[in-house]
Trainee: 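Supplied in structure tokens, the structure appears directly below.
To find a chain, count down the sequence lines: A is the first, B the second, and so on, and within it residues start at 1. The model shown is predicted, which means the values in this text are computed figures rather than measured ones.
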Number of protein chains: 2
Amino acid sequence: MAATPPRHLSPRKKPRQARATLTLEAIFEATIQVLLAEGLHRLTTTRVAERAGVSVGTMYQYFPHKQALLYALNERYLDTVAERVEKACIEHHGASTAEMVEALVNAYWEAKTERADITRALYRSVVELDNEALIEAFSQRVDAATSAMLVSASDAVGGDRRLCNTTLLAVIFGTVRNVFERNLPAAVQADIRCQLVRMCVSYLAAARLSDG
Amino acid sequence: MAATPPRHLSPRKKPRQARATLTLEAIFEATIQVLLAEGLHRLTTTRVAERAGVSVGTMYQYFPHKQALLYALNERYLDTVAERVEKACIEHHGASTAEMVEALVNAYWEAKTERADITRALYRSVVELDNEALIEAFSQRVDAATSAMLVSASDAVGGDRRLCNTTLLAVIFGTVRNVFERNLPAAVQADIRCQLVRMCVSYLAAARLSDG
DNA sequence: GCAATATATGAAGGATTCTTCGCTTTGAGG
DNA sequence: CCTCAAAGCGAAGAATCCTTCATATATTGC
């Protein structure tokens with residue numbers, strides 16, 4: 001994802017044996033659980049290790065420090081989200097703009113809400129983490145995928161396509177996060193999601209008319 | 001704002017003399033500065049006190065603990081933002097939907113970007129702060145203001161007004177935050193802001209046609 | 001079975017941080 | 001000027017936390 005994870009944040013070594021892979025997995029999972037159950041300020045190397053059923057020393061064999069662990073966790077997460085969005089985009093090449101927007105919103109929304117707990121945990125972990133590069137890489141990856149999809153639309157949009165696309169993503173990403181953090185009732189969430197699709201669709205339609 | 005700041009987060013006492021007011025102000029300002037210069041994980045009672053030019057003991061005379069300080073800071077901040085949005089809403093009663101949306105986006109955007117540093121600092125401080133109630137109160141306050149404005153529109157929108165309004169706010173709040181955190185170049189920010197207005201306007205127009 | 005590696009352990013050092021409390025200084029009212 | 005309450009001070013106790021390293025165990029390749 002981020003081609004060059006900043007030196008100081010990159011993992012110490014990769015697992016070479018099977019058990020090491022398991023250990024790593026356990027550590028990641030434990031990190032999420034601690035984050036959820038205790039919050040960021042109680043996310044302690046000791047606590048994570050304990051929950052993962054390993055010793056602290058083991059953790060430090062893979063990560064030079066706590067930050068690196070969180071960084072890796074976010075990297076993994078963003079990677080799966082990006083993959084799902086890319087998949088949805090590819091599957092809708094050549095469709096109508098409306099179908100594309102709906103597919104995009106749904107893919108992103110579902111990737112985020114499917115395991116809402118994790119999403120929330122990671123939104124929290126991100127503070128104080130030098131992950132701007134990570135976010136940027138993610139954004140560009142998704143941007144590329146949606147751009148490619150949109151130009152292939154049967155009713156392709158006119159105007160400034162690049163700006164259109166950037167705006168679309170900023171709005172979708174932002175709205176999802178907002179809805180998330182406010183922890184609105186599921187019904188309201190569903191409603192907003194539906195409205196968000198309509199909003200994006202009408203936006204693109206308007207863009208087509210005025211600039212196209 | 002939040003009618004009942006949770007007991008454990010409410011300030012210890014209010015200033016009664018002039019110098020105490022100054023001290024409090026200095027503490028708040030110092031908190032922001034430390035947050036900006038050092039980040040959340042280095043936001044220390046000692047550091048804040050030092051920067052404010054007071055002693056740690058003094059801080060604890062007003063706040064029972066660090067969290068309460070951050071809580072109060074956010075409360076103040078959200079209050080000023082809400083005020084500005086309310087003002088803009090009132091000033092545009094009776095206008096056209098398009099004018100309203102533009103005024104709303106501008107008011108919120110400017111309230112956030114005018115001192116972008118503070119906004120960013122507070123976005124960070126919020127983690128690990130039990131401020132859901134605060135956010136909720138803010139949202140409802142703004143919701144009320146914008147609802148009142150929109151129903152007074154010369155070209156009032158039909159359909160589910162409540163949902164429309166909630167969506168609008170989720171989108172605007174979310175987008176602003178997203179743009180913020182990605183720290184995009186000013187030019188791009190301006191472009192997106194403009195597009196956001198267009199998007200909201202076309203959404204409302206579409207809502208008027210289909211459900212009205 | 002035997003090196004050579006890869007993994008895992010966890011006590012302990014070193015560094016911070018939060019918060020308190022006994023005491024001092026300042027301001028307000030009479 | 002005097003007294004009381006408000007405001008301010010900051011060293012020190014108690015609690016964590018991060019990270020290392022010397023040691024121990026497991027795996028692999030041969």
Side-chain angles (χ1 to χ4, degrees), chain A residues 7-31 34-35 37-73 124-125 127-130, chain B residues 7-31 34-35 37-73 124-125 127-130:
Chain A
R7 172 86 31 103
H8 66 111
L9 285 176
S10 55
R12 219 162 220 172
K13 72 176 183 187
K14 295 200 166 186
R16 319 207 167 208
Q17 298 179 5
R19 73 180 155 149
T21 308
L22 288 188
T23 303
L24 254 186
E25 201 54 44
I27 291 175
F28 281 133
E29 188 58 33
T31 305
V34 172
L35 221 32
E38 317 248 10
L40 180 61
H41 74 132
R42 303 205 70 200
L43 183 81
T44 282
T45 50
T46 318
R47 251 188 280 270
V48 170
E50 191 180 12
R51 187 131 194 173
V54 302
S55 107
V56 223
T58 300
M59 281 190 38
Y60 278 88
Q61 211 133 33
Y62 298 100
F63 306 100
H65 43 243
K66 221 174 79 171
Q67 275 215 342
L69 167 62
L70 289 179
Y71 189 90
L73 191 61
R124 289 183 183 181
S125 82
V127 178
E128 282 314 305
L129 177 59
D130 182 15
Chain B
R7 172 85 31 101
H8 66 111
L9 285 176
S10 56
R12 218 161 221 174
K13 72 176 183 188
K14 296 199 164 186
R16 316 206 169 211
Q17 297 179 6
R19 70 181 157 151
T21 308
L22 287 189
T23 303
L24 255 187
E25 200 55 44
I27 291 175
F28 281 133
E29 187 58 33
T31 306
V34 172
L35 222 32
E38 317 247 10
L40 181 61
H41 75 130
R42 302 206 69 202
L43 183 80
T44 282
T45 50
T46 318
R47 251 187 281 270
V48 170
E50 191 179 13
R51 187 130 192 173
V54 303
S55 108
V56 223
T58 298
M59 280 191 39
Y60 278 87
Q61 212 135 30
Y62 298 100
F63 306 100
H65 43 243
K66 221 174 80 171
Q67 275 214 342
L69 167 62
L70 289 179
Y71 189 90
L73 192 61
R124 289 182 183 182
S125 82
V127 179
E128 282 316 304
L129 177 57
D130 181 15

Trainee: Using five base pairs at each end to define the local axes, how bent is the helix from C:dG1-D:dC30 to C:dG30-D:dC1, to the nearest 10°?
Mentor: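 Computed angle between terminal axes is 30°.
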Trainee: Does A:Lys13 have any side chain to side chain contact (heavy atoms under 4.5 Å, CB included) partners at least two apart in sequence or in another chain, and if so, which?
Mentor: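 A:Lys13 satisfies side chain to side chain contact (heavy atoms under 4.5 Å, CB included) with A:Gln61, A:Tyr62 once adjacent residues are dropped.
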Trainee: Only pairs under 3.5 Å count here: list side-chain donor-acceptor contacts from residues 51-59 of chain A, not counting sequence neighbours, and write none if there are none.
Mentor:
from, atom 1, to, atom 2, distance (Å)
A:Arg51, NE, A:Gln33, OE1, 2.9
A:Arg51, NH2, A:Gln33, OE1, 3.2
A:Ser55, OG, A:Gly57, N, 3.1

Trainee: If the condition is side chain to side chain contact (heavy atoms under 4.5 Å, CB included), which residues does B:Ala72 pass it with, not counting sequence neighbours?
Mentor: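 In terms of side chain to side chain contact (heavy atoms under 4.5 Å, CB included), with neighbours along the sequence ignored, B:Ala72 is linked to B:Phe28, B:Phe63.
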Trainee: Measure CZ/B:Arg42 against P/C:dT17 and give the value in whole Å, please.
Mentor: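 Atom-to-atom, B:Arg42 to C:dT17, this comes out as 7 Å.
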Trainee: Considering all heavy atoms of both residues, which atom of A:Ala20 and which atom of A:Pro15 are nearest to each other, and what is their separation?
Mentor: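 Looking at all heavy atoms of both residues, the shortest contact is CB-CB, 3.4 Å.
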Trainee: Atom CG of A:Leu24 to atom C1' of C:dT7: distance rounded to whole Å?
Mentor: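 To the nearest whole Å, that distance equals 11 Å.
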Trainee: So, A:Arg124 side chain and B:Val127 main chain: donor-acceptor pair closer than 3.5 Å or not?
Mentor: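 No, A:Arg124 side chain to B:Val127 backbone: no donor-acceptor pair under 3.5 Å.
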Trainee: List in chain and number order the residues that pass side chain to side chain donor-acceptor pair (under 3.5 Å) with B:Arg42, two or more places apart in sequence or in another chain; answer none if no residue qualifies.
Mentor: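 Scan of B:Arg42 (side chain to side chain donor-acceptor pair (under 3.5 Å), adjacent residues dropped) gives B:Glu38.
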Trainee: Of all the heavy-atom pairs spanning A:Leu9 and A:Gln67, show the shortest one and how long it is.
Mentor: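 Scanning both residues completely, I find the closest heavy atoms to be CD2-OE1, 3.5 Å.
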Trainee: Restricting to side chain to side chain contact (heavy atoms under 4.5 Å, CB included), what partner residues turn up for B:Arg19, sequence neighbours left out?
Mentor: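 By the side chain to side chain contact (heavy atoms under 4.5 Å, CB included) rule, B:Arg19 matches B:Gln17.
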Trainee: Between A:Lys66 and A:Leu43, which heavy-atom pair has the shortest distance, and what is it?
Mentor: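 What the structure gives for the nearest pair is NZ-O, 3.0 Å.
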Trainee: Given atom CD of B:Glu50 and atom P of C:dC18, what is their separation to the nearest angstrom?
Mentor: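 In whole Å, C:dC18 P lies 13 Å from B:Glu50 CD.
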Trainee: Who pairs with A:His41 by side chain to side chain contact (heavy atoms under 4.5 Å, CB included), at least two apart in sequence or on another chain?
Mentor: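 With sequence neighbours excluded, A:His41 shows a side chain to side chain contact (heavy atoms under 4.5 Å, CB included) to B:Glu128, given in chain and number order.
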Trainee: Between the protein and nucleotides 13-16 of chain C, are there any N/O to N/O pairs under 3.5 Å, and if so, what are the atom names and distances?
Mentor:
none

Trainee: So what does A:Tyr62 touch, heavy atoms closer than 4.0 Å: a base, only the sugar-phosphate, or nothing?
Mentor: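 Counting heavy atoms under 4.0 Å across all strands, the contact made by A:Tyr62 is with sugar-phosphate only.
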Trainee: Could you tell me the boundaries of the chain A footprint on DNA chain D, defined by atoms under 4.0 Å from its heavy atoms?
Mentor: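 Under 4.0 Å from chain A, the extent on DNA chain D is D:dC17 to D:dT27.
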Trainee: Only counting residues at least two apart or in another chain, list the ones meeting side chain to side chain donor-acceptor pair (under 3.5 Å) with B:Ser125.
Mentor: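 Residues passing side chain to side chain donor-acceptor pair (under 3.5 Å) with B:Ser125: B:Asn74.
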Trainee: Let me have a per-nucleotide readout for nucleotides 19-30 of chain C, 5' to 3', with B, S or -, counting only protein heavy atoms under 4.0 Å.
Mentor: BB-----BS---
Trainee: Can you list everything that forms a salt bridge (Lys or Arg N to Asp or Glu O under 4.0 Å) with A:Glu50? Sequence neighbours excluded, please.
Mentor: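 In terms of salt bridge (Lys or Arg N to Asp or Glu O under 4.0 Å), with neighbours along the sequence ignored, A:Glu50 is linked to no residue.
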Trainee: Nearest 0.5 angstrom please: A:Leu73 CG to A:Ile27 CD1, how far?
Mentor: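 Here the rounded value is 11.5 Å.
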Trainee: Measuring to OP1 and OP2 of C:dT9, would you say a side-chain N or O of A:Thr58 lies under 4.0 angstrom away?
Mentor: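 It does, given that an N or O in the side chain of A:Thr58 lies less than 4.0 Å from OP1 or OP2 of C:dT9.
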